[in-house]
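Numbers for residues simply follow the sequence, beginning at 1. Each ligand, and each atom within it, is numbered from 1 in the order the structure gives.
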Amino acid sequence: MSAIIDQTVETYGIENWGAGYFGVNRKGNLVVRPTDNDSLSADVREIIEDLRKRGINPPILLRFPQLLVGQIRKLQTAFRKSIKEFDYDGRHLCVFPMKVNQNRAVVEEYLREASRYDFGLEAGSKAELYAALSMEQTGESLLVINGFKDRDFVRLAFTGARAGKNVVIVVEKLSELDHTLNFTDEVLKENPKAKLPMIGVRVKLYSKGSGRWEKSGGEAAKFGLTTTEILEVIRRLAVAGRTEMLKLLHFHIGSQLTDIKRIKNAMKEAARTYAKIRQMNIPIQYLDVGGGMAVDYDGSRTSFESSANYNAREFANDVIYVIKTVCDDENVPHPDIIQESGRYLSAYHAILITNVQDEIETVVEDITPMKVDEDDPQVVKELYDLRESINGKNYREYYHDALEHREELFQMFNLGLISLEDRGKGEVLFWDVCERADGYAQQKKYVSEEFDELRKLLSTKYLANFSVFRSMPDNWALEQLFPIIPVHRLNKKPNEFATLCDITCDSDGIVEKFVDLHDVKPVLELHKLESDEPYYLAMLLVGAYQEVMGNNHNLFGVPHEAHVHVGDDGYIIKKVIHGATLGDTLAGVRFDRTQMHEQFRKIVQRRIKDGELSEKEGHELIEYYESEINAYTYLTPNGH
Ligand SMILES: *Cc1c(COP(=O)(O)O)cnc(C)c1O
């Protein structure tokens with residue numbers, strides 16, 4: 001590999017956050033590697049070119065189901081090893097929380113691999129449960145149901161159980177228990193041998209997680225039963241003679257748990273609670289430790305919000321060790337451990353590809369070559385002198401002088417003392433001084449804060465063909481970081497510093513925080529745009545939550561999607577799903593296509609009647625308007 005490629009790999013931190021799945025090939029293109037086996041890899045640039053030939057233009061969501069499988073295996077292996085190492089008696093079973101990504105392709109691919117380990121599903125709403133009930137699961141796997149439940153939701157859960165699923169209704173509120181007991185009586189009256197759902201209880205732990213979702217845990221959490229409520233559940237079950245239905249104890253202290261210490265504390269508390277209930281002769285079999293395993297988006301391995309200070313193996317070791325120790329101490333059997341990790345399994349498999357459409361200038365550039373002459377105002381001449389004589393020793397002082405002169409320039413303009421041309425000249429010279437000062441500042445070992453700010457101000461804005469709101473909502477809503485890198489030209493040093501703007505007309509539609517090993521970068525190193533070549537960017541690790549939380553701001557709907565398999569002979573595009581058309585997104589806000597077409601036709605016909613348009617022109621307009629209903633909502637080259 002060339003030294004430059006090594007350098008760009010480091011610049012973007014690919015090896016820090018890539019979990020081994022991503023790399024750069026000799027051509028300088030981004031590659032995806034589905035396994036640790038280096039020989040299998042897919043060139044992302046080639047995939048895009050291939051798709052473009054089929055009329056599929058960016059933005060495109062590339063799905064690599066093999067990366068989902070890779071994560072399932074990593075997690076399963078980690079727990080299998082820990083269980084062996086600590087001589088743990090129970091099993092480790094995952095249930096995939098559908099809310100992370102309910103996309104059918106994702107759930108199906110998950111289940112295909114999951115069936116090898118008896119992993120199941122978790123549903124948090126009626127819709128998710130409904131979908132889950134249509135999927136094949138193995139006989140040992142669970143279907144865990146969380147979230148607030150009404151009578152219909154509980155009834156749907158019973159339907160699933162009677163259809164043979166190992167359904168667990170996790171009681172979040174006492175009313176859910178009453179519905180469950182009532183249905184139990186009803187069902188058993190009809191068939192005393194009917195398969196029933198199991199009951200779980202969600203406990204409200206005192207322990208909290210860390211990071212952005214800290215408030216999901218602790219006393220003030222939205223979900224979970226307090227100690228007295230759990231005792232009440234047990235009492236009511238005893239009265240009904242159904243204590244044997246209580247099979248699972250659940251807790252979930254939040255998503256993206258960044259700090260392993262907090263996780264351990266929660267495990268201790270939950271394990272102790274399990275043990276005490278078990279000692280009351282209640283045959284709880286499962287301890288559900290919830291989700292929350294974090295993804296190291298920035299690769300820093302710290303407890304920073306977009307990172308995690310542990311890996312799968314450490315996580316598994318701590319869970320198994322803590323639960324075993326507490327259970328042995330309390331003399332109760334080791335429970336089967338249920339894990340609801342979604343983010344960890346799903347984040348890696350999806351990549352959003354966008355193209356940089358253009359550049360938005362922030363600094364004022366010289367459009368016509370400029371000369372400064374005798375008649376120019378003093379302030380312009382002084383800025384000119386600064387520009388000509390700035391150097392590595394005086395740049396700080398000269399930069400400060402330029403700031404003052406700019407202030408003066410505007411004051412004089414406002415007083416009517418200088419012309420529009422003078423003002424223009426002054427601005428160009430000011431930004432020239434800034435650029436030169438920035439150049440000198442960045443050569444120094446320590447760059448002071450004011451020059452960091454200046455760099456951000458001078459950075460280029462690249463207009464990227466996507467919607468932050470649609471495809472990276474957590475970046476907008478939560479300042480969650482996602483790795484972003486060019487798909488190609490990685491064998492060339494990126495010399496531009498840029499931030500990204502999306503194509504929504506919202507000034508919040510920007511990305512100006514980027515992953516960095518030690519900090520958060522305010523600008524991203526990118527290549528200069530070439531007029532004759534597209535520039536593609538990849539936004540990675542967007543497979544968890546982003547797709548389903550994304551919204552329709554400005555009516556940019558879902559992007560095109562392609563499912564890619566990586567095999568011995570390179571990649572295979574298994575499936576292409578077209579993104580939203582104008583008609584699709586408009587239907588979402590209740591605009592009916594027939595009605596729009598009729599109304600437009602009427603408007604045009606009136607113009608024809610008034611003699612403002614010929615018949616022919618009118619028909620062309622109508623025809624074009626009607627055909628555009630099927631256009632892609634994003635920017636496309638040459639009107640495709
Ligand atoms: C959201 C959620 C999960 C998934 O959390 P991740 O951080 O994606 O692993 C699991 N369980 C419950 C109850 C949840 O609400």
Side-chain angles (χ1 to χ4, degrees), residues 68 71-72 74-76 78-79 92-103 106-107 110 114 119-125 127-129 132 142-149 153 168-173 176 200-205 208-218 221-225 248-260 262-263 266-267 270 286-297 305-308 310-312 315-316 319 337-350 473-474 478 480 541-549:
L68 180 68
Q71 287 300 99
I72 299 172
K74 249 185 228 172
L75 190 57
Q76 198 273 341
F79 271 90
H92 163 255
L93 299 170
C94 279
V95 287
F96 180 69
M98 292 179 67
K99 73 153 190 265
V100 175
N101 196 327
Q102 302 97 339
N103 217 288
V106 175
V107 181
Y110 162 82
F119 287 4
L121 293 172
E122 186 264 0
S125 67
E128 288 174 3
L129 174 59
L142 298 189
L143 172 53
V144 175
I145 305 173
N146 291 313
F148 292 120
K149 296 171 238 13
F153 197 168
V168 187
I169 298 177
V170 177
V171 173
E172 315 257 10
K173 269 183 350 161
E176 299 170 9
V201 280
R202 179 161 180 173
V203 295
K204 198 175 269 190
L205 295 184
K208 280 190 195 179
S210 58
R212 180 106 39 207
W213 284 271
E214 188 175 311
K215 65 177 185 296
S216 308
K222 171 172 155 191
F223 289 111
L225 303 181
L248 180 144
L249 193 71
H250 175 252
F251 70 96
H252 170 74
I253 54 167
S255 197
Q256 186 66 11
L257 299 167
T258 55
D259 186 3
I260 190 83
R262 304 278 194 102
I263 298 170
M267 292 296 155
Y286 303 108
L287 180 57
D288 183 339
V289 301
M293 247 181 99
V295 166
D296 193 0
Y297 292 95
E305 283 163 352
S306 294
S307 185
Y310 56 88
N311 60 23
F315 183 90
V319 170
I337 292 164
I338 309 297
Q339 204 193 0
E340 301 177 342
S341 271
R343 183 188 297 274
Y344 180 82
L345 296 186
S346 182
Y348 293 90
H349 88 277
D474 283 351
L478 306 165
Q480 158 89 57
L541 277 53
V542 295
Y545 297 106
Q546 304 318 295
E547 286 169 59
V548 293
M549 306 275 279

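Within the 4.5 Å cutoff, side-chain heavy atoms of Asn146 are placed close to those of Glu172. The side-chain heavy atoms of Leu129 and Leu143, taken from C-beta on, include a pair separated by under 4.5 Å. For the pair Phe315 and Ser341, the minimum side-chain heavy-atom distance is 4.5 Å or more.
Considering CG of Asp288 and CG of Leu142, their distance stands at 8.5 Å, rounded to 0.5 Å.
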N/O contact list for ligand 1, threshold under 3.5 Å:
| unit_1 | atom_1 | unit_2 | atom_2 | d |
| --- | --- | --- | --- | --- |
| ligand 1 | 5 (O) | Tyr545 | OH | 3.4 |
| ligand 1 | 7 (O) | Ser255 | OG | 2.5 |
| ligand 1 | 7 (O) | Gly292 | N | 3.2 |
| ligand 1 | 8 (O) | Arg343 | N | 2.8 |
| ligand 1 | 8 (O) | Tyr545 | OH | 2.6 |
| ligand 1 | 9 (O) | Gly292 | N | 2.8 |
| ligand 1 | 9 (O) | Gly342 | N | 2.9 |
| ligand 1 | 11 (N) | Glu340 | OE1 | 2.5 |
| ligand 1 | 15 (O) | Lys99 | NZ | 2.6 |

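When ring centroids are compared, Phe148 and Phe223 come within the 6.0 Å threshold.
Glu340 meets the salt bridge (charged side-chain N to carboxylate O under 4.0 Å, His left out) test with no other residue; sequence neighbours excluded.
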